[in-house]
S.K.: 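I have a structure I would like to understand better, so I am pasting it below and will then ask my questions one at a time.
Atom set for the values below is all heavy atoms of this structure, side chains included, hydrogens, waters and symmetry mates excluded.
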Amino acid sequence: MRLQTPLAALLIDIAVFKAYNDTLGHPEGDKCLVAVADVIRQVTSRAGDFAARYGGEEFIILIPGLDRASALAYAEMLRQACEARAVPHPSSPVAAVVTISVGAAASIPSEQTAPAARIAEADAALYRAKHEGRNRVC
């Protein structure tokens, strides 16, 4: 807020993760989470970037300095990197490999907009991505 630069929030969901766990078991599900987290770690490497597990099969990334267009491009790069990792997903109706859906939001923080608003916007975008067929960015 002090620098008046944008801050992006990305919410990431592993597509049909419950089916993955149900088919392959929780130990393999844990390995899948680690594989996706590793992709996120590799892509999210700038100082100031922050990535964390956001519950279950979801992750969040906060990236300072990215406007909306840049956040969408970054999210698409992340989606492609996860798909390219090619972790097999035998029970997915989306793809033969583990894929992610990403909701992105970005704005310049201000006194009038609570940080939770940016996360809520990213969450709504993630919901759209999942509703529109998964393995996509909104």
S.K.: N135 pairs by side-chain contact (heavy atoms from CB on, under 4.5 Å) with which of T99, V102, I100, V98?
M.R.: T99
S.K.: Applying salt bridge (Lys or Arg N to Asp or Glu O under 4.0 Å), which residue pairs with at least one partner in residues 42-51 are found, sequence neighbours left out?
M.R.: R46-D49
S.K.: Please set out all donor-acceptor pairs under 3.5 angstrom arising from side-chain atoms of residues 7-20, sequence neighbours excluded.
M.R.:
| from | atom 1 | to | atom 2 | distance (Å) |
| --- | --- | --- | --- | --- |
| K18 | NZ | D22 | OD2 | 2.7 |

S.K.: If the condition is side-chain contact (heavy atoms from CB on, under 4.5 Å), which residues does D38 pass it with, not counting sequence neighbours?
M.R.: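 side-chain contact (heavy atoms from CB on, under 4.5 Å) check on D38 returns R41, Q42, R85.
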S.K.: Should we count CZ of R128 as having more than 12 external heavy atoms under 6.0 Å?
M.R.: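 Yes, because the 6.0 Å sphere around CZ of R128 holds more than 12 heavy atoms from other groups.
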S.K.: Sequence neighbours excluded, which residues qualify as side chain to side chain donor-acceptor pair (under 3.5 Å) partners of R136?
M.R.: none
S.K.: For R53, check side chain to side chain donor-acceptor pair (under 3.5 Å) against everything at least two apart and list the hits.
M.R.: none
S.K.: Does the side chain of F59 come within less than 4.5 Å of L33's, by heavy atoms?
M.R.: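 Yes - at least one pair of side-chain heavy atoms lies under 4.5 Å apart.
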S.K.: Inspect the contact between E76 and R79 and indicate whether a charged nitrogen and a carboxylate oxygen are less than 4.0 angstrom apart.
M.R.: yes
S.K.: Answer whether the closest heavy-atom distance between the side chains of Y54 and D123 falls below 4.5 Å.
M.R.: no
S.K.: S70: what forms a side chain to side chain donor-acceptor pair (under 3.5 Å) with it, not counting sequence neighbours?
M.R.: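 Result, side chain to side chain donor-acceptor pair (under 3.5 Å) vs S70: D67.
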S.K.: Considering all heavy atoms of both residues, which atom of A81 and which atom of V43 are nearest to each other, and what is their separation?
M.R.: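 The answer is CB-CG2, 4.2 Å.
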